Structure formats: C-alpha cells, structure tokens
Enquirer: 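Please see the structure below; I have some questions.
Residue numbers run from 1 in the order of the sequence given. Keep in mind that this is a model prediction, so the values were computed, not measured. All values below come from the heavy atoms of this structure, side chains included, with hydrogens, waters and symmetry mates left out. In listed order, ligands and their atoms are each counted from 1.
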Amino acid sequence: MIIVYESKTGFTKKYADMLAEKTKLNVYRANEITRISQDEDIIFLGWMKVGKIQGLNKLRKYRVVAVCGSGTAETAEPDSETVIARNKIENKPFFYLRGGCLPLRDLKGMDKIMLSMFVKILKSRKDKDEKTEEAILNIENGFDGVKEENLEPVLNWINAR
Ligand SMILES: Cc1cc2nc3c(=O)[nH]c(=O)nc-3n(C[C@H](O)[C@H](O)[C@H](O)COP(=O)(O)O)c2cc1C
C-alpha cells in the first residue's frame with residue numbers, strides 16, 4: 001500500500017507525511033500518479049472544497065482503498081454521509097481529518113473569493129452560536145488543527161488489514 005495526497009496550502013501534506021512516517025509507506029503527490037502501478041492499493045488524502053475531495057478524480061483508474069478528507073471544521077462539514085455521496089466513495093472507508101487554513105488575506109484567486117463570501121454569510125447570521133463565531137475567527141485569522149492523534153482511526157484501520 002502507498003499514500004497519495006493532494007494539498008494546496010500544506011495541511012493535508014502534513015498528515016500524509018505524518019502517516020508515512022508512522023507506517024513507513026511511500027508517499028506521493030496526486031500529480032505523480034503516473035509513476036504508480038495500477039495494481040497498488042492506495043490510501044488517499046485530499047483537502048475538501050465545498051465537500052468535494054480535491055485530487056480524488058485523478059485516481060479514478062487506480063485502486064483507492066480508503067479516503068481521508070481534510071477540512072477546517074471540527075467534524076466533517078458537510079457531514080460524512082454527504083461527503084461520501086458527493087465523492088462517490090460509498091464502497092470504502094472515509095476518515096475526516098481536521099486540517100487548517102491560512103489567514104484569509106494570504107489566500108489568492110477563487111479560493112479567497114469563495115471563503116470571503118462564506119465568512120460574509122456566517123457573519124450575517126443573526127443568532128451566531130459559538131461554533132459559528134469560531135469558524136469566522138479561524139477563517140479570518142488562520143489556524144492549524146493538524147494533530148497526530150487525529151490519525152489514530154486511520155492507523156487502526158491500516159493495522160487491522
Ligand atoms: C474555497 C474553499 C472551500 C472549502 N470548503 C471546505 C468544505 O466544504 N469543508 C471543509 O471542512 N473545509 C473546506 N475548506 C477548507 C479546506 O479544506 C482546509 O483548509 C484544508 O485543511 C486545506 O488543506 P491543504 O492545506 O492541504 O490545502 C475550504 C477551503 C476553501 C479555500
């Protein structure tokens with residue numbers, strides 16, 4: 001088995017490298033996929049954009065046996081069921097990993113526009129709960145939610161195979 005990942009700002013890469021260190025599996029970026037045999041089992045890690053796991057489509061012809069999605073929220077947002085359906089991965093294990101984000105001012109292009117709009121929507125909510133307030137601060141100021149312990153379910157699954 002090998003690890004393949006797609007990461008834009010580095011948080012998912014941190015998880016991929018951490019997982020490689022703990023399992024001694026080789027790790028590749030999704031755009032290096034042509035170097036990999038189609039018979040190889042793959043655990044894929046990708047960052048999530050509006051519930052879509054980025055980079056996963058590049059691996060449609062490969063043997064992806066488990067998928068991890070990294071996002072900003074504490075738990076999958078949208079929820080795991082929606083992520084699984086949106087990415088058509090009903091037949092394999094899905095693990096959500098809390099990643100992180102750069103401060104909004106450091107983002108560029110469409111990503112910046114989309115997240116700015118998202119923050120505006122959150123701010124316009126009348127009765128903002130603690131989670132919403134936290135999400136606004138995290139997106140505006142950036143944060144790093146990458147923790148070794150978040151990989152535990154993934155490691156347990158790998159070890160049980
Ligand atoms: C345009 C945009 C859309 C996003 N949509 C989601 C989302 O639907 N769910 C989520 O949890 N995180 C979402 N995020 C946050 C990223 O998935 C998160 O910051 C991720 O950890 C970044 O990983 P990377 O550093 O490997 O690129 C979004 C970020 C951007 C810029």
Side-chain angles (χ1 to χ4, degrees), residues 2-23 25-33 36 42-59 62 64 66-90 92-125 128-155 158:
I2 55 162
I3 301 162
V4 179
Y5 71 92
E6 176 100 358
S7 177
K8 189 153 186 190
T9 53
F11 296 96
T12 315
K13 180 182 190 306
K14 274 198 216 175
Y15 277 121
D17 290 341
M18 227 183 248
L19 194 60
E21 202 190 304
K22 285 182 177 293
T23 57
L25 297 172
N26 288 330
V27 59
Y28 301 86
R29 287 183 172 274
N31 55 15
E32 294 178 304
I33 195 68
I36 296 159
I42 295 171
I43 177 158
F44 181 76
L45 291 78
W47 69 284
M48 300 204 307
K49 185 167 173 176
V50 201
K52 249 329 225 159
I53 299 166
Q54 303 300 293
L56 188 56
N57 274 339
K58 294 178 186 163
L59 274 74
Y62 289 79
V64 177
V67 177
C68 304
S70 104
T72 47
E74 202 175 326
T75 55
E77 181 72 50
D79 61 41
S80 291
E81 235 172 65
T82 309
V83 174
I84 289 165
R86 200 167 288 175
N87 294 278
K88 300 187 175 66
I89 49 169
E90 287 87 351
K92 39 197 137 229
F94 168 70
F95 302 94
Y96 176 73
L97 298 170
R98 190 175 204 187
C101 53
L102 297 179
L104 199 49
R105 64 177 175 278
D106 293 348
L107 293 181
K108 292 185 184 82
M110 262 323 270
D111 287 353
K112 186 173 192 161
I113 293 167
M114 282 170 81
L115 274 197
S116 303
M117 271 164 49
F118 185 53
V119 167
K120 252 193 196 161
I121 292 166
L122 292 180
K123 281 186 169 173
S124 69
R125 282 190 192 160
K128 291 191 269 299
D129 58 12
E130 242 175 69
K131 268 195 160 180
T132 309
E133 297 284 8
E134 196 202 334
I136 293 168
L137 286 177
N138 283 344
I139 295 169
E140 282 189 334
N141 304 326
F143 88 111
D144 184 352
V146 177
K147 284 194 196 131
E148 250 182 48
E149 67 202 52
N150 294 342
L151 279 175
E152 238 167 65
V154 185
L155 285 167
I158 292 172

Enquirer: Could you see which bit of T9 sits under 4.0 Å from ligand 1, with heavy atoms only: side chain, backbone, both or neither?
Expert: both

Enquirer: Any idea which atoms of ligand 1 are less than 4.0 Å away from a heavy-atom of K8?
Expert: 24 (P), 26 (O), 27 (O)

Enquirer: For the backbone of G71 and the side chain of R98, can you confirm whether one donor and one acceptor N or O come within less than 3.5 Å of each other?
Expert: no

Enquirer: Show which atoms of ligand 1 fall inside a sub-4.0 Å distance from at least one heavy-atom site of G10.
Expert: 24 (P), 25 (O), 26 (O)

Enquirer: Return a yes/no value for L107: is any of its N or O atoms, backbone included, closer than 3.5 angstrom to an N or O of ligand 1?
Expert: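 No; every N/O pair is 3.5 Å or more apart.
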
Enquirer: Return yes when atom OH of Y28 has more than 12 non-hydrogen atoms of other residues, nucleotides or ligands closer than 6.0 Å, and no otherwise.
Expert: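 Above 12, so yes.
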
Enquirer: State the atoms of ligand 1, each with its element, that fall below the 4.0 Å cut-off from a heavy-atom position in D111.
Expert: 1 (C), 31 (C)

Enquirer: I'd like the name of whichever of P78, C101, G100, G99 reaches closest to atom 18 (C) of ligand 1 through any heavy atom.
Expert: G100

Enquirer: Tell me if a side-chain donor or acceptor on K128 pairs with a main-chain N or O of K123 at a distance below 3.5 Å.
Expert: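 Yes, K128 side chain to K123 backbone: donor-acceptor pair under 3.5 Å.
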
Enquirer: Could you check atom 28 (C) of ligand 1 against the protein and tell me its nearest heavy-atom contact, residue, atom and distance included?
Expert: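 In this structure, atom 28 (C) of ligand 1 has M48 O, 3.4 Å as its nearest protein heavy atom.
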
Enquirer: Would F94 and S80 count as a side chain to side chain contact (heavy atoms under 4.5 Å, CB included) here? Give the steps.
Expert: CA-CA 8 Å; F94 168 70; S80 291; 3.7 Å; yes

Enquirer: Output, in order, the C-alpha distance, side-chain angles, deciding distance and verdict of side chain to side chain contact (heavy atoms under 4.5 Å, CB included) for V64 and K92.
Expert: CA-CA 8 Å; V64 177; K92 39 197 137 229; 4.3 Å; yes

Enquirer: Below 4.0 Å, non-hydrogen atoms only: which portion of K49 touches ligand 1? Side chain, backbone, both or neither.
Expert: both

Enquirer: For atom 29 (C) of ligand 1, what's the nearest protein heavy-atom neighbour? Residue, atom name and distance, please.
Expert: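 Nearest protein contact, heavy atoms only, for atom 29 (C) of ligand 1 is W47 CZ3, 3.9 Å.
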
Enquirer: My understanding is that we take every heavy atom of each candidate and find the minimum distance to atom 21 (O) of ligand 1. Doing that for G142, S70, G51, G55, which one comes out nearest?
Expert: S70

Enquirer: Would Y96 and E74 count as a side chain to side chain contact (heavy atoms under 4.5 Å, CB included) here? Give the steps.
Expert: CA-CA 9 Å; Y96 176 73; E74 202 175 326; over 6 Å; no

Enquirer: Does the side chain of I43 reach to within under 4.5 Å of the side chain of I2, using non-hydrogen atoms?
Expert: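 Side-chain contact under 4.5 Å: no.
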
Enquirer: Numbering the atoms of ligand 1 from 1, which are under 4.0 Å from a heavy atom of V50?
Expert: 3 (C), 4 (C), 5 (N), 6 (C), 7 (C), 8 (O)

Enquirer: Indicate yes or no: does an N/O atom of L115 lie under 3.5 Å from an N/O atom of ligand 1?
Expert: no

Enquirer: Quick one: does E6 get an N or O within less than 3.5 Å of an N or O on ligand 1?
Expert: no

Enquirer: Using heavy-atom distances only, which candidate in E74, E77, M110 approaches atom 9 (N) of ligand 1 most closely?
Expert: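 Minimum heavy-atom distance to atom 9 (N) of ligand 1 goes to E77.
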
Enquirer: Just wondering, do V67 and I53 contact through their side chains at under 4.5 Å, heavy atoms?
Expert: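 Yes, close enough: below the 4.5 Å cut-off.
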
Enquirer: Tell me which protein heavy atom sits closest to atom 15 (C) of ligand 1, plus the residue, atom name and distance to 0.1 Å.
Expert: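 The answer is T72 CG2, 3.6 Å.
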
Enquirer: Could you check if a side-chain atom of T72 sits within less than 4.5 angstrom of a side-chain atom of C101, using non-hydrogen atoms only?
Expert: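 Of all side-chain heavy-atom pairs linking C101 with T72, at least one is under 4.5 Å.
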
Enquirer: Is there a donor in the side chain of N150 and an acceptor in the side chain of Y15, or the other way round, less than 3.5 Å apart?
Expert: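 Side-chain D/A pair, N150 to Y15: present.
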
Enquirer: Atoms of ligand 1 less than 4.0 Å from M114 heavy atoms?
Expert: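 Taking each heavy atom of M114 in turn, ligand 1 has 1 (C) under 4.0 Å.
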
